[in-house]
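Down below is the structure, laid out as structure tokens.
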Amino acid sequence: MPVDGYSAAPFALDPESVATLDAIREAMLDPSSRRIGRLDQWGLADTYETYAEIAEYRETPIIMADGTQIDAALSIPRNLAPGQTCPVVVMPAPLVTIGRTAYLGMFPRLALGGYAVLAYSQRGLAGSGGEIHVAGPQDVADGVEILDWLTGLEGIDADRIGCFGASYGAGTSLLLAAKDSRVKAVAGASAWGDLFASLYENDTRHTAAFEALVALFGEDRCSKEFRVVIEKIRNNIIDDEVKEFARVRSPKQYLKEYNDNNLPVLMTTYWHETIFSVPAVVNFFKDLQSPKSLLVQIGDHGNGELPGLLGLIAKPTETAYRWLDHYLGGTAGNGTQPQFGVRSEYMHNLLSELSHDSWEDYVLPRKRFHLGAAASSKADATMAEGQPQPGWTRSLNATGESTEAVVAPQLVKTGLAERVGLPHTYKTTAVDRDLAAAWTTAPLEQPMRVQGELELRVTVKPQAAGDATIVAYLMDFNPATGNARVITHAPYTLTGRPAGQATTVTFPLQPAHYVLGEGRQLQLIIDSHDPFFSDANTTPSTIELSSPKSTEAYLDIPLAPLP
């Protein structure tokens, strides 16, 4: 049930990548000169010829206690001496139709680094039997059985087991490590910290992302428990069953286990991540007391690691190799030491990287920008430091129509374009001011950076009913062209209030790291509909935004001159 305007398959690999992985798999299963020679067209023949000399690859189903067959592939170094053991990397699959095959491009680097590798598709995914449980207790129990099977093999060092996973595989890896202390390190790309926060932000459902994930799972393969939860979320029934479903699947619930076991955790995410909550990843990272590293990049879910999964150089996978080497004793990362703390790119400089010891060191102090009234001849208002601006009211027409301002025109793909230097351009001067309100700062007198966490306060009064949804966007606005680029955003849904009652709401926007040039302006837009989110508004109706005395409206921005 894809949301209108959004693809049902935002995570699909392009045909060339699929063809590459198919050819790699055939060459690994049959390392003949003919099969390996086919890889010449991608420049990979030498890589997989070397791989075939140093490792043995086989596809081996693993049967669970209940008879379910898990599709798995195992790589073991050749020529281990009698009694010699090697570290192993366990790789639960990302949420793609090809399952564990997505990792085949990483096998040569890991094999050259002295690792055994076990990649598998979780229950119900790709070639595995059973039903999909979404990284639930059954999937964790399967992971434990897989470790039992793996550690019974000759040559495997049971004291040097690590996990790498992307997306669904990252969550599975973290949850398995919470249950089984044999996992000595985890590297998770595009991971989640709190599944509930990823589905339900500021009382607003992430409808487009949720339906895209459900479509990729395939409802006919989902467990009964998951199908019930799907229908409840679709019908906005966010009850204890839904919350418990998300709770047991959230790494943040297992902080005690990670901290008690001193588990080293590497996580990567993106500033414009549309699938899993960035604030939840940050909060999980902050609460971890074990060795930890967080990489935040330009783009959206999975954008950075995809080349690495295909065997190319990519920051998330290079970081993961170094992380695993440090704790498991392999050499896939070429001897480079891992980095701890926070590493971040800033929009839109792909070559940028800042390092900080902690999130607290990373964030800038916030400056308070007060939202003002629009002048009589102006459609827009100003926002500025200084004195609070009480007494104004502005109205939004809630029609169910979207304005030019949206989180992302496409899931994942908008972020991918952004990552290669083509961020989406918004014509905010063309946004219908009956549907949205805007506030703009004076032009910046020097280059500035937004770096850290933001917070918005405004008073909301829905006229027709007690529920209302607003969506706020902070833009980088170019006054010379009328064009803008999105810096960050957040929705908020007000529920359970009497119609006509004004309520002051304070809520966080997604954290951001963005550099603005001299002469640019910060622009806040608030509207009532974005197809990315669910919409609680009665349509048509009117929503009033206001700034009463003593609870004046503001936007706190972590803003400072560019060093």
Side-chain angles (χ1 to χ4, degrees), residues 21 24-25 27-28 31 36 39 43-58 72-81 83-93 100-120 147 150-151 153-166 169-170 173 177 182-189 263-266 268 291 293 295 304-340:
L21 289 170
I24 287 172
R25 176 174 175 265
M28 292 173 76
I36 289 179
L39 299 177
L44 295 172
D46 289 347
T47 297
Y48 284 89
E49 185 174 19
T50 301
Y51 171 77
E53 292 171 356
I54 63 172
E56 176 191 355
Y57 173 83
R58 63 180 185 268
L74 178 68
S75 170
I76 293 281
R78 296 185 186 274
N79 303 320
L80 287 174
Q84 183 183 0
T85 60
C86 62
V88 58
V89 179
V90 177
M91 306 170 79
R100 52 98 186 151
T101 307
Y103 294 133
L104 290 181
M106 297 179 68
F107 274 51
R109 277 286 291 275
L110 290 167
L112 283 167
Y115 291 98
V117 184
L118 178 73
Y120 72 93
L147 293 189
L150 180 64
T151 54
L153 299 178
E154 185 177 355
I156 297 297
D157 189 337
D159 293 323
R160 291 193 290 164
I161 298 173
C163 285
F164 171 84
S173 295
R182 288 177 293 183
V183 178
K184 296 301 191 292
V186 172
L263 178 75
V265 175
L266 162 70
T268 76
S293 183
L295 172 64
E305 60 264 28
L306 180 57
L309 301 189
L310 297 171
L312 304 176
I313 300 298
K315 193 178 292 184
T317 47
E318 294 302 311
T319 301
Y321 293 138
R322 294 195 294 268
W323 190 256
L324 295 168
D325 285 353
H326 187 71
Y327 292 103
L328 304 179
T331 57
N334 299 324
T336 307
Q337 292 298 303
Q339 292 178 271
F340 298 86

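To the nearest 0.5 Å, atom CD of residue E305 and atom CG of residue L312 are 13.5 Å apart. Distance CG/L266 to CG/L324: 8.0 Å, rounded to 0.5 Å. Rounding to the nearest 0.5 Å places CG of L74 at 8.0 Å from CD of E56. The distance from the CG atom of D159 to the NZ atom of K184 is 5.5 Å, given to the nearest 0.5 Å. The distance from atom CD of E49 to atom CG of L44, rounded to the nearest 0.5 Å, is 12.5 Å. Rounded to the nearest 0.5 angstrom, R58 CZ and S75 OG are separated by 9.5 Å.
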Test L309 against M106 for side chain to side chain contact (heavy atoms under 4.5 Å, CB included), laying out the working first. CA-CA 6 Å; L309 301 189; M106 297 179 68; 3.6 Å; yes
Between T331 and Y321, is the side chain to side chain donor-acceptor pair (under 3.5 Å) condition met? List the steps. CA-CA 8 Å; T331 57; Y321 293 138; over 6 Å; no
Step-by-step side chain to side chain contact (heavy atoms under 4.5 Å, CB included) determination, R322 to N334: CA-CA 8 Å; R322 294 195 294 268; N334 299 324; over 6 Å; no
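Closest heavy-atom contact between V89 and C163: CG1-C, 4.5 Å. Nearest heavy atoms, L328 versus V88: CD1-O, 4.0 Å. The shortest non-hydrogen separation linking G304 to A314 is O-CB, 3.3 Å. Nearest heavy atom pair, residue R78 against residue A55, reads NE-O, 3.1 Å. The two atoms that bring Y103 and A119 nearest to each other are CD1-CB, 4.2 Å, heavy atoms only. For the residue pair I76 and A116, the shortest heavy atom distance occurs at CD1-CB, 3.9 Å.
In this structure the side chain of D157 never reaches within 4.5 angstrom of the side chain of T151, judged on heavy atoms. Put simply, the side chain of P291 reaches to within 4.5 Å of the side chain of Y327, judged on heavy atoms. Side chains of T268 and T319 form no contact here, defined as non-hydrogen atoms less than 4.5 Å apart. Using a 4.5 Å heavy-atom threshold, the side chains of L147 and R182 count as touching. Using a 4.5 Å heavy-atom threshold, the side chains of L118 and I156 count as separate. Annotation: side chain of H326 is in contact with side chain of Q337 (closest heavy-atom distance under 4.5 Å). For the pair Y48/I24, a side-chain contact is recorded, criterion being any heavy-atom separation below 4.5 Å from C-beta on. Looking at heavy atoms from C-beta onward, V186 lies out of side-chain contact with F164 at the 4.5 angstrom threshold.
Side-chain atoms of Y115 and D325 form a donor-acceptor pair, as typed in the model, at a separation below 3.5 Å.
In this structure, the side chain of R109 engages the main chain of A332 through a donor-acceptor pair within 3.5 Å.
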